[in-house]
Amino acid sequence: MSGGKSKSLKLVELGPGKGSLMDDILRVFSQFQHLLNSCDISVHLVEVSPKLSEIQATKLTGSIIETKYDDDSSAYKNGVTKCGLPISWYHDVQDVPEGYTFFIAHEFFDALPIHKLQKTSDGWREMLIDIDPEIPHKLRFVLGSSNSILATLIQADEQRDHVELSPNAAVIIQKLASQINTFGGAALIADYGHSGDKTDTFRGFRAHRLHNVLVDPGTADLTADVDFSFLKSMIGNTVASLGPITQQDFLKNMGIDLRMKVLLENNKDVKTQHHLIESYDVLMNPCKMGQRFKFFSMFPHSRMESIRGSSIVAGFSELQFS
């Protein structure tokens, strides 16, 4: 509504996981049919995993959708959601049709490949992985030669001696910014990240526990915190942005405390109340996800001008609830 009530709206999620977030979004959208009936809404999911796309299709459409192998179409699956909206799947965000779009990326950028660069007396050198010559089958980090191409992505005023760069993230964030600038819309990015103050965040997880990234490659999930200062430098002045702010602040601004109060009042079961309190603690506790998880948004400069007039943006400003 604040963006001008476009005649059409594309909901694009990058890395939708099991489809839970999009399912929630569509459930909330269904409560505003009186506002959205005149808007042509479509759902577009960017997913490279065949297995996850099957899970998403079952959750969002209630049926199994066969993968298409049609060179004339950029989408590899098409269907209709349970609430009657057209939905399509793509391997790459570059394949998603252009237009007025809301992009959503929840724990997407932290899974993209990174390059690690170390500052030395000889300049920036890339950290590589090779086999330890003294211990068979053991991997180790080594300093490679200077990488002048990657070094161009490092900011001139960089104070750290170790940085993690993702060229993939740069390409994707520039694509989102360019499309928002041209066609309108917005992007909301939520991820583990920092504002350019961290160095070595590359780590592995297996069975929900930290795992050495060099041990048993292929058996653990690899991740690196998103450097939001890098993303902001990549979009430049193409679009306006807000954040990153902590999840604790974002959810508080969105009214999580009021929501929690209502849920506890409506659920008298002690076990349910205990589960709600534990879940709230995980989301809001600074020692858990409250500080480490960040929210970042992009939108056209014209939208920013209207925002300055009201000084309120959901999630990024403290809203007043009555």
Side-chain angles (χ1 to χ4, degrees), residues 13-15 17 20-21 24-25 103-112 114 116 155 157-166 169 173 186-213 220-235 240-261 263-264 273-299 307 311-321:
E13 184 174 4
L14 311 181
S20 301
L21 178 58
D24 279 343
I25 290 172
F103 293 99
I104 303 156
H106 179 263
E107 289 194 64
F108 170 78
F109 282 91
D110 73 334
L112 296 177
I114 61 165
K116 297 171 71 67
Q155 299 304 297
D157 58 351
E158 180 60 67
Q159 299 297 310
R160 293 170 293 176
D161 59 8
H162 185 98
V163 295
E164 295 167 333
L165 300 176
S166 174
I173 201 72
L188 181 64
I189 298 169
D191 226 318
Y192 293 100
H194 58 91
S195 297
D197 54 332
K198 291 188 177 181
T199 54
D200 182 16
T201 70
F202 182 45
R203 59 202 184 281
F205 287 94
R206 187 165 69 179
H208 303 290
R209 294 187 176 184
L210 280 171
H211 178 80
N212 189 325
V213 295
D221 291 327
L222 303 180
T223 181
D225 285 2
V226 178
D227 185 342
F228 286 102
S229 68
F230 173 69
L231 295 187
K232 292 177 80 168
S233 71
M234 290 298 101
I235 64 176
S241 65
L242 285 175
I245 66 171
T246 66
Q247 175 166 280
Q248 182 186 43
D249 288 338
F250 183 87
L251 294 181
K252 190 174 184 64
N253 291 341
M254 290 294 290
I256 190 174
D257 290 333
L258 177 61
R259 175 66 172 162
M260 182 67 169
K261 180 175 180 290
L263 288 173
L264 290 175
Q273 288 186 339
H274 181 69
H275 174 71
L276 287 169
I277 293 170
E278 280 190 338
S279 299
Y280 177 92
D281 182 61
V282 170
L283 292 173
M284 299 292 285
N285 191 325
C287 297
K288 296 180 181 178
M289 292 182 67
Q291 291 290 333
R292 290 195 57 207
F293 215 66
K294 305 293 197 305
F295 283 74
F296 176 74
S297 184
M298 301 188 300
F299 33 82
I307 287 169
S311 73
I312 289 179
V313 175
F316 293 88
S317 307
E318 186 174 355
L319 304 181
Q320 300 299 318
F321 297 91

Trainee: I'd like to know if the side chain of S297 reaches the main chain of A187, judged simply by a donor and an acceptor atom lying under 3.5 Å from each other, with no hydrogens or angles considered.
Mentor: yes
Trainee: Calculate, to the nearest 0.5 Å, the distance between atoms CD1 and OG1 belonging to I114 and T201 respectively.
Mentor: 6.0 Å
Trainee: Can you tell me how far CG of L222 sits from CG of L112, rounded to the nearest 0.5 angstrom?
Mentor: 12.5 Å
Trainee: Heavy atoms, side chains only, cut-off 4.5 Å: are R160 and D197 in contact?
Mentor: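 SC-SC contact between R160 and D197 ruled out.
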Trainee: Between Q155 and D157, is there a donor-acceptor pair closer than 3.5 Å when you use the side chain of the first and the backbone of the second?
Mentor: no
Trainee: Using a distance-only test with no angle check, is there a side-chain donor-acceptor pair under 3.5 angstrom linking D227 and S229?
Mentor: yes
Trainee: Sequence neighbours excluded and cut-off under 3.5 Å, please list the side-chain donor-acceptor pairs for residues 287-295, or say none.
Mentor:
residue, atom, partner, partner atom, Å
K288, NZ, D281, OD2, 2.4
Q291, NE2, Q248, OE1, 3.1
K294, NZ, G193, O, 3.0
K294, NZ, Q291, O, 2.8

Trainee: Considering non-hydrogen atoms only, spot the tightest contact between L21 and H106 and give its length.
Mentor: CD2-CB, 3.8 Å
Trainee: Which heavy atom of I173 sits nearest to which heavy atom of M234, and what is that distance?
Mentor: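 Distance-wise, the nearest heavy atoms are CG2-CB, 3.8 Å.
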Trainee: Where the side chain of E164 meets the backbone of A224, is there a donor-acceptor pair that is under 3.5 Å apart?
Mentor: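 No; judged by distance alone, with no hydrogens or angles, the pair does not exist.
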Trainee: Keeping E13 on the side-chain end and I104 on the backbone end, is there a donor-acceptor pair under 3.5 Å?
Mentor: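 Side chain of E13 to backbone of I104, a donor-acceptor pair under 3.5 Å: no, none is there.
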Trainee: Can you check whether G243's main-chain N or O pairs, donor with acceptor, with K232's side chain at less than 3.5 Å?
Mentor: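 At least one qualifying donor-acceptor pair exists.
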Trainee: With a cut-off of 6.0 Å (strictly less than), are more than 12 heavy atoms of other residues, nucleotides or ligands near CZ of R206?
Mentor: yes
Trainee: Do I256 and F250 come within less than 4.5 Å of each other through their side chains, counting heavy atoms only?
Mentor: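 I256 vs F250: side chains apart.
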Trainee: Please evaluate residues M284 and K252 with respect to the criterion side chain to side chain contact (heavy atoms under 4.5 Å, CB included), reporting the C-alpha separation (whole Å), side-chain torsions for both, the decisive distance (0.1 Å), and the verdict.
Mentor: CA-CA 9 Å; M284 299 292 285; K252 190 174 184 64; 4.2 Å; yes
Trainee: Please round to the nearest 0.5 Å and tell me the distance separating atom CZ of F103 and atom CZ of F108.
Mentor: 11.5 Å
Trainee: Mind checking the CG-CG spacing from D110 to D191? Nearest 0.5 Å is all I need.
Mentor: 4.0 Å
Trainee: Where is the tightest heavy-atom contact between R203 and F205, given as atom of each residue plus distance?
Mentor: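 Minimum heavy-atom separation between R203 and F205: NE-CE1, 3.6 Å.
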Trainee: Atom NE2 in H162, atom NZ in K198: separation rounded to 0.5 Å?
Mentor: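 It is 13.5 Å, given to the nearest 0.5 Å.
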Trainee: Using 0.5 Å steps for rounding, measure from the CZ atom of F316 to the CZ atom of F296.
Mentor: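 Reported to 0.5 Å precision, the distance equals 8.5 Å.
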Trainee: Measure across Q247 and L283 and return the closest heavy-atom pair with its distance rounded to 0.1 Å.
Mentor: NE2-O, 3.0 Å
Trainee: Mind listing the closest non-hydrogen atom pair of S241 and I235 along with its distance?
Mentor: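 Scanning both residues, the minimum pair turns out to be CB-CD1, 4.3 Å.
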Trainee: Go through the steps for V213 and F202 under the test side chain to side chain contact (heavy atoms under 4.5 Å, CB included), then give the verdict.
Mentor: CA-CA 8 Å; V213 295; F202 182 45; 3.7 Å; yes
